[in-house]
**Student:** 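The structure follows.
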Amino acid sequence: MAATEAEDVVRQKAPAKHARHSSFVWKYFTEDNTNSTVECQLCMTILKYNKNTSAMLNHLKMKHPLSTASTSSNASTNEQRTTQRQTSINDFSKRPVTDKRRQQITDLLVNFVVKDIRPLSALSGGGFRDIINFFEPGYTIPSHATLWKTLTHQYSTVRANIAKEMKDKSVSLTTDLWTSCTMDPYITVTAHYITDSWELKSRVLRTTIMPERHTAVNIAQRLKETIEEWGLNVFCTIHDNASSMNLAMEILAHCALKKRQEQLGIKVNKLQNDCATRWNSTFTMLERLNEQRIPVQAVLTDETATKLNIRRSLSMRESQWELIEQLIPVLRPLAKATTIMCAESHVGMSFIYPVLLNVADNTLRVRESDLAATRSFKDTVRKQLITRFKLESGGLADSIPITACMLDPRFKHLKFLPENTREDARMHLTQLVRQNGGEEQPGATGEHDAETGAEEDNAGLETEMQSGKKARLESDFEQLFGPHYESCSSKRKRSDNGADELRDYSLTPHIPTMENPLKWWAHNEHCFPRLAKLSKSYLAIPATSTPSERIFSLAGNTVTRQRSSLHPSHVDVLVFLNANQKDGREDFISEPDNDSE
């Protein structure tokens, strides 16, 4: 209805306007004799009247936006101000949602969960709620219980329709076993039939957890339960359980192990697998196996849980358990070293040689109590470290890691190297300073206590290290660096000022190993400008390629099977934003160009 036509209808139907009715909405509404209700002259809807025009205005905005557009735009200034007072922005943002629309939105949310195979928790996320609040401020996402009730109601409705459709039909069943990512075993049964209109239908009847042994008898029992539950007329059953039997044994062992752990009061932890591409997986596997030794042995000796041939192949001798006990303390420092050097939050390049030399000289030193296999393992790993990292070669002095050590105030004295190698390293660094720094640097003049900044950082560090996590990390550092480790309580000696920057830097005491070398340089950059310039290059080098490998994992989470159609450029944008946005901030996102498409 056009605006002029609406006004004609109102003029024909509406009685004379009451003097106190100053709002334009009264052009479209009339009161009853009791002044308790009003009637819309455009659609004959009756509304309750509580001595204000908010409900009428909302009605016009929602139901007749075009019909009332000209009238509302031509209202007087006083009417507009009155209207704005009566219907504030908050009133509109919190406009009531009808029961019908509320149910429609809830059904759509449930459909989202079902169609995209999402957990109900996806609807409770803060970002998702922000979207719903933006588009429908008056709607509140129901509780988990309400959503689940809606889901089960839909399940019951669909189930009844399928049962009705399959009644008296010749049905063939298929069944298969599968394992969730949490190692829970499931069995799924599907039905296949042709309708009266000759449509081939395929329906999933049930997916239930199946912790019992996956034998033919147990699978047949599950099928029998399904047939009776649905009242089916089964013609044929198709299943392929040959490939599932090996998987079934793995699942059964998992369930049996969990049961034994609970019975013995041992922490319920899953066994870990060794993975050739994961550096620490062997250590993690052996440590977990040794932790769960008692329940594992109990499962292996249980004839109802483990077949005889499996028990014979998996049972371990006492000497093998002893070997595991000896290998764990050897592998633990190696695991800690890879974890620390792969981290992106601290300097890593200067860690390499102090850690590796300590591991080679101490952790991998053969002891009289070592088993023959342990001795062989230590010798093999030590030889590989020496060969791969050239620990005994004469070319360490000018290597990038040693230069990084020289520029790191924690390790600059190179106590882990022979004296002749230290001198060669100092000469190499002197040459680099001359090549890159020149004779004079702005800001190089003036007096400065190189120790002050470090002491300030150290005071803050001592407070920070009260936490258990920090204490454990310091313990790891102490184990990794051995005699080259310096605690926060180490005494420092002041050095005399010298004319040569490198000599002056060398004379300053080193800082504790747990301290951040970049903070030290932040306080002392103007005192050693040439070395600071080199430090920004050498100390920024990561010790491993793990940072890029972590992006592969992030990309894997982005390009899932359900998102396999993403364009490569979209993947790049998603990974970039995810990796670079920290703490919810969008520091690098500027306002979009209005002229761009």
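A quick note: this is a predicted structure, and the numbers were derived from the prediction, not measured.
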**Student:** R288 side chain to K270 main-chain N or O, any donor-acceptor pair under 3.5 Å?
**Tutor:** yes
**Student:** Does the side-chain contact (heavy atoms from CB on, under 4.5 Å) test come out yes or no for M210 and N218, once each step is laid out?
**Tutor:** CA-CA 9 Å; M210 187 177 177; N218 291 335; 3.7 Å; yes
**Student:** So that I can tick it off, tell me whether E212 and R222 are bridged by a salt bridge, with the cut-off set at under 4.0 angstrom between side-chain N and carboxylate O.
**Tutor:** yes
**Student:** So V110 and L147, do their side chains get closer than 4.5 Å, heavy atoms only?
**Tutor:** yes
**Student:** Check step by step if side chain to side chain donor-acceptor pair (under 3.5 Å) holds for H192 and S172.
**Tutor:** CA-CA 5 Å; H192 308 264; S172 292; over 6 Å; no
**Student:** Quick one, T208 and I187 - any side-chain contact, counting heavy atoms below 4.5 Å?
**Tutor:** yes
**Student:** Does the T98 side chain pair with the main chain of R101, one donor and one acceptor, at a distance under 3.5 Å?
**Tutor:** yes
**Student:** Indicate yes or no for a side-chain donor-acceptor contact from E39 to the backbone of L47 under 3.5 Å, with no hydrogens or angles considered.
**Tutor:** no
**Student:** Within this structure, what is the NE2-CG distance for the pair H144 and L151, rounded to the nearest 0.5 Å?
**Tutor:** 9.0 Å
**Student:** Do R129 and S124 have side chains that approach each other closer than 4.5 Å (heavy atoms only, starting at C-beta)?
**Tutor:** yes
**Student:** Does S281 use its side chain to pair, donor to acceptor, with the backbone of D274 at less than 3.5 Å?
**Tutor:** no
**Student:** Check whether any side-chain N or O of T284 sits under 3.5 Å from a backbone N or O of N280 as a donor-acceptor pair, and report yes or no.
**Tutor:** yes
**Student:** Please confirm whether the backbone N or O of S54 pairs with a side-chain atom of N52, one donor and one acceptor, at under 3.5 Å?
**Tutor:** yes
**Student:** Would you confirm whether N233, through its side chain, and D168, through its main-chain N or O, come within 3.5 Å as a donor-acceptor pair?
**Tutor:** no
**Student:** Using every non-hydrogen atom in the two residues, find where E291 and N269 come nearest and quote the distance to one decimal.
**Tutor:** OE2-ND2, 2.9 Å
**Student:** Ignoring hydrogens, what is the shortest heavy-atom contact between L257 and P295? Give both atom names and the distance.
**Tutor:** CD1-CB, 3.7 Å
**Student:** Within this structure, what is the OH-CG distance for the pair Y28 and L57, rounded to the nearest 0.5 Å?
**Tutor:** 11.5 Å
**Student:** Here's one to test your reading of the geometry: is the NZ or CZ of R159 within 45 degrees of the ring axis of W230 and under 6.0 Å from its centre?
**Tutor:** yes
**Student:** List the steps and the verdict of side-chain contact (heavy atoms from CB on, under 4.5 Å) for T106 and T150.
**Tutor:** CA-CA 8 Å; T106 301; T150 304; 4.1 Å; yes
**Student:** Verify whether one side chain among T146 and S143 offers a donor that lies under 3.5 Å from an acceptor in the other.
**Tutor:** yes
**Student:** As an exercise, state the distance from CG of L60 to SG of C40, rounded to the nearest 0.5 Å.
**Tutor:** 6.0 Å
**Student:** When rounded to the nearest 0.5 angstrom, what is the spacing between CG in L271 and CD in Q292?
**Tutor:** 6.5 Å
**Student:** Apply side-chain contact (heavy atoms from CB on, under 4.5 Å) to K169 and K201, showing your working.
**Tutor:** CA-CA 11 Å; K169 298 294 188 299; K201 297 288 186 180; over 6 Å; no
**Student:** Indicate the atoms forming the closest heavy-atom contact of Y49 with N35, along with that distance.
**Tutor:** CD2-O, 3.4 Å
**Student:** Any sub-3.5 Å donor-acceptor pair from N524's side-chain atoms to W520's backbone N or O?
**Tutor:** yes
**Student:** Can you name the closest pair of heavy atoms from L123 and I141 and give their distance?
**Tutor:** O-CD1, 3.4 Å
**Student:** Establish, yes or no, whether a centroid distance under 6.0 Å links the rings of W198 and Y193.
**Tutor:** no
**Student:** State plainly whether the residues K259 and E262 are in salt-bridge range, i.e. N to O under 4.0 Å.
**Tutor:** no
**Student:** Check whether any side-chain heavy atom of V38 lies under 4.5 Å from a side-chain heavy atom of M56, and answer yes or no.
**Tutor:** yes
**Student:** Could R203 and E165 be called an ion pair, given the rule that one side-chain N must be under 4.0 Å from one carboxylate O?
**Tutor:** yes
**Student:** Return the OG1 to CD distance between T157 and Q154, rounded to the nearest 0.5 Å.
**Tutor:** 7.5 Å
**Student:** Without swapping roles, check the side chain of E136 against the backbone of I105 for a donor-acceptor pair under 3.5 Å.
**Tutor:** no
**Student:** Ignoring hydrogens, what is the shortest heavy-atom contact between I209 and P185? Give both atom names and the distance.
**Tutor:** CG1-O, 3.1 Å
**Student:** Which heavy atom of L205 sits nearest to which heavy atom of M166, and what is that distance?
**Tutor:** CD2-CE, 3.9 Å
**Student:** Hey, does the side chain of D99 reach the backbone of Q103 with a donor-acceptor pair shorter than 3.5 angstrom?
**Tutor:** no
**Student:** Decide side-chain contact (heavy atoms from CB on, under 4.5 Å) for I131 and F134; before the verdict, give the C-alpha distance in whole Å, the side-chain angles of both, and the deciding distance to 0.1 Å.
**Tutor:** CA-CA 5 Å; I131 294 175; F134 178 83; 5.8 Å; no
**Student:** Can you find a heavy atom in the side chain of Y139 that is under 4.5 Å from one in the side chain of N133?
**Tutor:** no
**Student:** The test is ring-ring contact (aromatic ring centres under 6.0 Å, His included); show your working for F112 and F128 and say whether it passes.
**Tutor:** CA-CA 12 Å; F112 161 75; F128 186 85; 5.7 Å; yes
**Student:** Salt bridge check, K536 against E525: does any charged N sit closer than 4.0 Å to a carboxylate O?
**Tutor:** yes
**Student:** Side-chain contact test, heavy atoms from C-beta onward, threshold under 4.5 Å: evaluate it for T190 versus V204 and give yes or no.
**Tutor:** yes
**Student:** Does some side-chain heavy atom of Q41 sit less than 4.5 Å from a side-chain heavy atom of K27?
**Tutor:** no
